[in-house]
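No experiment lies behind these values; they were computed from the predicted model shown.
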Amino acid sequence: MKHLQAFVLSLLLQFAACIDYDGWMNIKIQHSINCGGEKYCARGTISLQSLRAGTPIIEQMQFNEQHINELNELAAVNGFYTIRSLVTTADTKESEFLSSVKAKTFLDNGLSDVINAWVLPNGAVIAVSFQVNNSSQTRLPRNVGSVNKITSNFYLRQVEPAAVPDTASYIQKLEREREAREKGELKDNRSFLAKYWMYIVPIAIFVMLSGATNPETPAQPAR
């Protein structure tokens with residue numbers, strides 16, 4: 001998962017000015033606490049009528065005493081509060097994304113979080129991340145008898161994939177440089193090893209193999 005997250009994060013190098021594609025998006029937000037034996041259960045939804053407009057409609061439940069108690073139990077063991085996002089768009093089937101934060105951090109920030117959806121110019125959702133606000137909040141008490149409201153900020157992040165090098169053009173450039181060096185039009189400043197490695201390497205391999213197959217006979221002890 002860490003390698004997958006690292007790969008996803010490596011694509012997010014540059015942000016596009018706008019999304020080429022427009023359409024609706026719906027995100028079902030589920031979490032991992034107070035689910036009555038189920039692994040995940042509903043926490044709320046985020047709806048966008050237009051990806052270009054990027055204006056979300058956020059509807060979420062309020063936490064009750066059981067939710068807070070389970071968060072406190074997770075915080076006591078340095079556990080994680082996990083969110084599962086189920087994303088549907090006009091042109092794609094439902095996609096699943098998982099994200100989590102330390103339960104203690106979520107409590108310390110007063111049940112305030114940030115949800116980011118990363119979208120390519122063609123409207124494809126490549127990731128949904130969940131994190132807590134950096135702002136300082138008053139921590140909720142350990143025992144709460146009333147409901148507690150979740151405060152979420154949602155951001156639609158527009159991203160361009162990293163540019164793919166033109167392999168054919170690069171090969172043509174190397175070929176032109178080689179021809180120019182052969183004609184003397186381009187000075188070759190490469191080192192001796194860089195120029196003649198194709199001759200040196202086979203000889204080195206041959207010498208190594210010869211040494212391995214014909215070990216020296218150890219000297220006989222004197223009588």
Side-chain angles (χ1 to χ4, degrees), residues 1-13 15 24-49 51 54-89 94-120 124-159:
M1 178 60 69
K2 290 182 179 179
H3 293 292
L4 179 60
Q5 292 175 343
F7 172 75
V8 171
L9 290 174
S10 68
L11 295 176
L12 311 179
L13 301 177
F15 295 101
W24 58 266
M25 176 193 295
N26 184 68
I27 304 176
K28 297 178 183 177
I29 306 173
Q30 300 180 341
H31 63 178
S32 57
I33 60 173
N34 195 21
C35 292
E38 298 293 329
K39 189 171 183 179
Y40 296 101
C41 55
R43 193 188 96 164
T45 60
I46 300 175
S47 302
L48 291 91
Q49 296 299 319
L51 293 180
T55 304
I57 300 174
I58 303 175
E59 297 181 352
Q60 296 192 97
M61 65 183 299
Q62 291 184 319
F63 278 10
N64 57 28
E65 183 178 4
Q66 183 61 32
H67 290 104
I68 302 303
N69 287 339
E70 291 193 21
L71 280 174
N72 282 327
E73 291 174 3
L74 287 171
V77 296
N78 202 30
F80 286 87
Y81 170 59
T82 302
I83 287 289
R84 179 167 73 170
S85 303
L86 303 176
V87 182
T88 307
T89 66
E94 188 174 76
S95 301
E96 175 183 319
F97 302 96
L98 296 176
S99 187
S100 60
V101 296
K102 290 290 185 69
K104 182 180 183 303
T105 305
F106 187 47
L107 284 169
D108 287 345
N109 283 271
L111 305 183
S112 178
D113 58 39
V114 175
I115 301 172
N116 300 292
W118 305 90
V119 185
L120 294 174
V125 180
I126 60 172
V128 177
S129 64
F130 162 68
Q131 63 191 71
V132 297
N133 281 325
N134 292 326
S135 59
S136 178
Q137 300 280 349
T138 302
R139 194 189 194 285
L140 294 173
R142 287 284 177 175
N143 297 305
V144 180
S146 59
V147 294
N148 297 274
K149 183 179 180 181
I150 304 171
T151 303
S152 293
N153 292 316
F154 175 80
Y155 297 98
L156 193 65
R157 305 297 188 183
Q158 303 157 11
V159 60

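We find the OH-CH2 distance between Y155 and W118 to be 12.0 Å, quoted to the nearest 0.5 Å. Separation of atoms CZ (F80) and NZ (K104) is listed at 13.5 Å; rounding is to 0.5 Å. Expressed to the nearest 0.5 Å, how far CG of N34 lies from CD of E70 amounts to 5.0 Å. The CG atom of D113 sits 10.5 Å away from the OG atom of S129 when rounded to the nearest 0.5 Å. Atom OG of S112 is separated from atom NZ of K149 by 11.0 Å, given to the nearest 0.5 angstrom. Atom-to-atom distance recorded for R157:CZ and I126:CD1 is 13.0 Å, nearest 0.5 angstrom.
Annotation: side chain of I46 is not in contact with side chain of I57 (no heavy-atom distance under 4.5 Å). Contact check for I83 versus L98: no side-chain heavy atoms found under the 4.5 Å cut-off. By the 4.5 Å heavy-atom criterion applied to side chains, M25 and I27 are counted as neighbours. Taking the side chain as every heavy atom from C-beta outward, L48 and L156 approach each other to under 4.5 Å. For the pair L111/L71, a side-chain contact is recorded, criterion being any heavy-atom separation below 4.5 Å from C-beta on.
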Chi angles and distances behind the side-chain contact (heavy atoms from CB on, under 4.5 Å) call for E96, V87
CA-CA 6 Å; E96 175 183 319; V87 182; over 6 Å; no
Determine whether R84 and K39 satisfy the following criterion, side-chain contact (heavy atoms from CB on, under 4.5 Å), listing intermediate values before the conclusion.
CA-CA 10 Å; R84 179 167 73 170; K39 189 171 183 179; over 6 Å; no
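In this view, Q60 and I29, R43, I58, I150, S152 satisfy the side chain to side chain contact (heavy atoms under 4.5 Å, CB included) rule, not counting sequence neighbours. Taking the salt bridge (Lys or Arg N to Asp or Glu O under 4.0 Å) definition, one finds that E59 meets it with nothing, sequence neighbours left out. Every side chain to side chain contact (heavy atoms under 4.5 Å, CB included) that E94 has, sequence neighbours left out, goes to K28, L86, T88. With sequence neighbours left out, the side-chain hydrogen bond (donor to acceptor under 3.5 Å, both in side chains) criterion links N153 to no other residue. With sequence neighbours excluded, the residues forming a side chain to side chain contact (heavy atoms under 4.5 Å, CB included) with T105 are K102, N109, V132, listed by chain and number. Residues satisfying the side chain to side chain contact (heavy atoms under 4.5 Å, CB included) test with L74, not counting sequence neighbours, are I33, A103.
No side-chain donor-acceptor contact under 3.5 Å links N69 to the backbone of N72. Remark: side-chain polar atoms of S99 are paired, donor with acceptor, to backbone N or O of F130 under 3.5 angstrom.
A donor-acceptor contact closer than 3.5 angstrom is absent between the side chains of H31 and Y40.
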